[in-house]
2 protein chains.
Amino acid sequence: MLTKLQDRGSRMTSHRLALLRIMAVSEGHPNAAQLYEKLREQFPTISLATIYKTLLVLKEDGQVFEIDMHNDSHYDGNKPYPHPHLICNKCGDIIDGDDVSFLDAIGQEIQEKYNFQIAQSQLLFYGVCQNCQS
Amino acid sequence: MLTKLQDRGSRMTSHRLALLRIMAVSEGHPNAAQLYEKLREQFPTISLATIYKTLLVLKEDGQVFEIDMHNDSHYDGNKPYPHPHLICNKCGDIIDGDDVSFLDAIGQEIQEKYNFQIAQSQLLFYGVCQNCQS
DNA sequence: GTGGTATTGATAATTATTCTCCATAGATAA
DNA sequence: TTATCTATGGAGAATAATTATCAATACCAC
Ligand SMILES: [Mn+2]
Ligand SMILES: [Mn+2]
Ligand SMILES: [Zn+2]
Ligand SMILES: [Zn+2]
């Protein structure tokens, strides 16, 4: 947790701990602005730039995964590795879409068919979630 | 081609034809800035805003597919429907990753397991392409 | 505790994309 | 062909998420 950070010459600060804790508790996929609002409850003088810098450090450290959405990145601190996301066009909810079979198979196939070495992936499905279909 | 546009009250202009033709010929995945440079050869006074407006119209008309990349959207006029893309971290090349099995299976699985009605998808794989592995 | 350095906060800068508004050009019918 | 109506184009301003700058501060090894 903090060992990896320090190996890279980074420090574990109260801000970074708090941000990780919020993500672990919320189980959601917040964006920078939402994390900013949450963190302001504990650190009223925190800056939005600090949120971005913290997210960058934690991302490079492999502790959060960035969901690369159009002009509004969201973050996952619970599953800090590539996995599919289902994004509802009605309510905006972002649902984890892991436990999907064939994912490894697709990676394998791309690797072989195109001789492409996959390092990362962004798998986004847009549509209507269960709740919004009523 | 122009029938669909006119049904929606849109007009087929020389700009729109030229943009579609450039995409069809290039077989690539240009972004707005690259299309702007190309189109300026034919229309020296064209504006970048016109590129964006044209791309929006053609996208809504189902004639181009937008690849939703982080702060730099690219467009596909040859396969104007969702399909995977392989993006090289070294040379920046964007490779079509269709003809991949299991894609329909994954869509099916998400539909069933999460009861999620898929309307669109962005499947991006980042890594190193064949040419850049030497 | 002290000192060196990473981090923070305030704010400016960046950059892709969108908006505004008037002039212009495409379609349609006379 | 010509008139008319309206979508489109061009120029530049506006927007908004993200990044850069830099002096003050907090972390941590000693
Ligand atoms: Mn997730
Ligand atoms: Mn493509
Ligand atoms: Zn929903
Ligand atoms: Zn390459």
Side-chain angles (χ1 to χ4, degrees), chain A residues 1-20 29-61 63-64 66-75 87 92 94 122, chain B residues 1-20 22 29-61 63-75 87 92 94 122:
Chain A
M1 33 208 83
L2 70 152
T3 328
K4 279 197 296 181
L5 270 179
Q6 293 185 354
D7 286 350
R8 311 171 122 258
S10 302
R11 296 170 180 171
M12 176 52 69
T13 68
S14 54
H15 291 151
R16 294 180 179 172
L17 262 178
L19 196 151
L20 281 174
H29 297 94
N31 61 11
Q34 292 167 332
L35 289 166
Y36 178 51
E37 287 310 314
K38 280 283 181 195
L39 278 173
R40 275 172 64 158
E41 298 171 3
Q42 291 181 57
F43 308 94
T45 68
I46 199 172
S47 168
L48 186 54
T50 300
I51 306 290
Y52 281 105
K53 285 183 259 190
T54 302
L55 285 170
L56 179 62
V57 169
L58 294 178
K59 188 173 61 172
E60 289 176 341
D61 199 50
Q63 304 206 47
V64 302
E66 179 175 4
I67 307 169
D68 236 356
M69 291 175 65
H70 195 70
N71 280 339
D72 187 23
S73 281
H74 286 65
Y75 298 84
I87 301 158
I94 302 177
Q122 292 283 341
Chain B
M1 35 209 82
L2 70 151
T3 329
K4 279 198 299 181
L5 270 178
Q6 294 185 354
D7 285 349
R8 310 170 123 260
S10 303
R11 296 170 182 171
M12 176 51 67
T13 70
S14 52
H15 291 151
R16 294 178 180 174
L17 262 177
L19 197 150
L20 280 175
I22 286 176
H29 298 93
N31 61 13
Q34 292 166 334
L35 290 166
Y36 178 52
E37 287 310 315
K38 281 281 181 197
L39 279 174
R40 275 173 64 159
E41 298 171 4
Q42 291 183 57
F43 308 94
T45 68
I46 199 172
S47 168
L48 186 54
T50 300
I51 307 289
Y52 280 106
K53 284 184 252 188
T54 302
L55 285 170
L56 179 62
V57 169
L58 294 178
K59 189 174 59 170
E60 289 176 343
D61 198 50
Q63 305 207 46
V64 301
F65 174 72
E66 180 177 3
I67 307 169
D68 235 356
M69 291 175 66
H70 194 68
N71 279 340
D72 186 24
S73 281
H74 285 66
Y75 297 85
I87 301 159
I94 303 176
Q122 292 282 342

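Below, chain A is the first sequence line, B the second, and so on; all start at residue 1.
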J.: From CG of B:D68 over to C1' of D:dA17, roughly how many Å is that when rounded to an integer?
T.: 14 Å
J.: Just how far, in rounded Å, is C1' of C:dT17 from CG of B:L48?
T.: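 My rounded result for the distance is 9 Å.
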J.: Can you measure A:I51 atom CD1 to C:dT7 atom P for me and round it to whole angstrom units?
T.: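 These atoms are roughly 15 Å apart.
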J.: Would you mind listing every side chain to side chain donor-acceptor pair (under 3.5 Å) that reaches into residues 45-57 of chain B, with sequence neighbours excluded?
T.: none
J.: Under 3.5 Å, which N/O atoms of the protein pair with N/O atoms of nucleotides 6-9 of chain D?
T.:
residue	atom	partner	partner atom	Å
D:dT6	O2	B:R11	NH1	3.2
D:dT6	O2	B:R11	NH2	2.9
D:dA7	O4'	B:R11	NE	3.4
D:dA7	O4'	B:R11	NH1	3.4
D:dA7	O4'	B:R11	NH2	3.3
D:dA7	N3	B:R11	NH1	3.4
D:dT8	OP1	B:R11	N	3.0
D:dT8	OP1	B:R16	NH1	2.6
D:dT8	OP1	B:R16	NH2	3.2
D:dT8	O5'	B:R16	NH2	3.4
D:dG9	OP1	B:T13	OG1	3.2
D:dG9	OP1	B:H15	ND1	3.1

J.: Of all residues at least two apart in sequence or in a different chain, which pass the ring-ring contact (aromatic ring centres under 6.0 Å, His included) check with A:H74?
T.: none
J.: Within this structure, what is the CD1-CD distance for the pair B:I22 and B:E41, rounded to the nearest 0.5 Å?
T.: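 Reported to 0.5 Å precision, the distance equals 7.0 Å.
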J.: Between the two end axes of the helix from C:dG1-D:dC30 to C:dA30-D:dT1, each built from 5 base pairs, what angle do you get to the nearest 10°?
T.: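 End axes: 40° apart.
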J.: A:L56 has an atom CG; how far is it from atom C1' of C:dT7, in whole Å?
T.: 13 Å
J.: Rounding to a whole Å, what distance do you find between B:H70:NE2 and C:dT17:C1'?
T.: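 After rounding, the reported distance stands at 14 Å.
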J.: Test: salt bridge (Lys or Arg N to Asp or Glu O under 4.0 Å). Region: residues 63-75 of chain B. Which pairs qualify, not counting sequence neighbours?
T.: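 Matches after skipping sequence neighbours: B:K59-B:E66.
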J.: Can you name the nearest heavy-atom pair linking A:A32 to A:Y75, along with the distance?
T.: N-CE1, 4.4 Å
J.: Is any side-chain heavy atom of B:S73 closer than 4.5 Å to a side-chain heavy atom of A:H70?
T.: yes
J.: To the nearest Å, how far apart are A:H74 NE2 and D:dA17 P?
T.: 11 Å
J.: How many angstroms lie between CG in A:L39 and CG in A:L19, if you round to the nearest 0.5 Å?
T.: 5.0 Å
J.: Tell me: CG of B:N31 to P of C:dT17, nearest whole Å?
T.: 7 Å
J.: My understanding is that only one of B:R11, B:R16, B:R8 makes a salt bridge (charged side-chain N to carboxylate O under 4.0 Å, His left out) with B:D61; could you say which?
T.: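 The residue from B:R11, B:R16, B:R8 that satisfies salt bridge (charged side-chain N to carboxylate O under 4.0 Å, His left out) with B:D61 turns out to be B:R8.
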J.: State which residues pass side-chain contact (heavy atoms from CB on, under 4.5 Å) with B:Y36; sequence neighbours excluded, sorted by chain then number.
T.: B:R40, B:I46, B:L48, B:I51
J.: Let me spell it out: for each of A:A49 and B:A32, pick the nucleotide of DNA chain C with the closest heavy atom. Which residue's pick is nearer the 5' end?
T.: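 On the 5' side of the pair lies A:A49.
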J.: Closer than 4.0 Å, any side-chain N/O of A:Y52 to the OP1 or OP2 of D:dT18?
T.: yes
J.: Rounded to the nearest angstrom, tell me the gap between atom CD1 in B:I67 and atom C1' in C:dA16.
T.: 16 Å
J.: For DNA chain D, what residues of residues 33-43 of chain A have any heavy atom nearer than 4.0 Å?
T.: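 Of all residues in residues 33-43 of chain A, none places a heavy atom under 4.0 Å from DNA chain D.
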J.: Looking only at atom types and distance, does a side-chain atom of A:Q34 sit under 3.5 Å from a main-chain N or O of A:N31, one as donor and one as acceptor?
T.: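 Side chain of A:Q34 to backbone of A:N31: a pair is present.
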J.: Sequence neighbours left out, what passes ring-ring contact (aromatic ring centres under 6.0 Å, His included) with B:F65? Give chain and number order.
T.: B:H83
